[in-house]
Amino acid sequence: IFVKNPTLTIPPVEESPTNVWQLDTFDSSSSSGVLPTFRDSITLKGYPVYNKARQWVVRNQDPVTGVSYRNGLSAIPGLFIQLQLPTKLISGDIVLIQAPAGFLFNDGQSDSCDNFRWEPAEDANLYLPNSKITCNQNQLKFEVREPKNVPELRV
């Protein structure tokens, strides 16, 4: 079975009870000798579909020399991530960045993000200053807690 994601945003099934998939199977008329006959039916919960990011940049290079880190298990002191979303962020939203297996944002002993900082540093107060930012091994999580919505298309 091949399907394509819809071209519009689909909320989670908890918010949209119609977000379900109905899968039915039938015997062909050539097998039964008459009309197609029903075999099985199942209803599956749908999953949310979000608009894709307008911009997604990951740069793993030394901030001084510009040399990329390509050796496995090497520390990447200058990992740069840039994200621009097509929709506004509102309080309660969560942005979860999951790195590939084996890449660690921290050692898993706490939820702090080792050496995380906003770029440019002088504008750090503009980027989610009230939100909670945590790391858990290969996940970087932003829990939006801003008093005002963060406009869409903001880098």
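The residues of the chain are indexed from 1 along the displayed sequence.
- For W118, the ring-ring contact (aromatic ring centres under 6.0 Å, His included) partners two or more places apart in sequence, or in a different chain, are F116, Y127, F142.
- Atoms CD1 and CD1, from I97 and I81 in turn, are 4.5 Å apart once rounded to the nearest 0.5 Å.
- Under the side chain to side chain donor-acceptor pair (under 3.5 Å) criterion, R70 pairs with no residue at all, not counting sequence neighbours.
- Among residues two or more places apart in sequence or in another chain, the side-chain contact (heavy atoms from CB on, under 4.5 Å) test is passed with A99 by F103, F105, N138.
- Evaluation of the side-chain contact (heavy atoms from CB on, under 4.5 Å) rule for N149 yields K88, I90 as partners, not counting sequence neighbours.
- Applying the side chain to side chain donor-acceptor pair (under 3.5 Å) criterion to S112, with sequence neighbours excluded, gives S110.
- R145 is linked by a salt bridge (Lys or Arg N to Asp or Glu O under 4.0 Å) to E143, counting only residues two or more places apart in sequence or in another chain.
- Judged as a side chain to side chain donor-acceptor pair (under 3.5 Å), and not counting sequence neighbours, the contacts of Q98 are Q139.
- Counting heavy atoms from C-beta on, the side chains of I42 and W21 never come closer than 4.5 Å.
- Proximity of L83 to L85: side-chain heavy atoms (C-beta onward) are separated by under 4.5 Å at one or more points.
- Residues forming a side chain to side chain donor-acceptor pair (under 3.5 Å) with D62 (at least two apart in sequence, or on another chain): Y69.
- The disulfide (SG to SG under 2.5 Å) contacts involving residues 92-139 comprise C113-C135, where partners must be two or more places apart or lie in separate chains.
- Residue pairs meeting the salt bridge (charged side-chain N to carboxylate O under 4.0 Å, His left out) criterion with at least one partner in residues 117-137, sequence neighbours excluded, are R117-E119.
- In this structure, L140 and V95 have side chains that are not in contact, with every pair of non-hydrogen atoms separated by 4.5 Å or more.
- Results of the side chain to side chain contact (heavy atoms under 4.5 Å, CB included) test with V144 over I94, D93, N130 single out D93 as the only residue that passes.
- Residues satisfying the ring-ring contact (aromatic ring centres under 6.0 Å, His included) test with F80, not counting sequence neighbours, are none.
- In this view, D24 and Q22, F26, F38, S41 satisfy the side-chain contact (heavy atoms from CB on, under 4.5 Å) rule, not counting sequence neighbours.
- Looking only at side-chain heavy atoms (C-beta outward), E146 and P129 come within less than 4.5 Å of each other.
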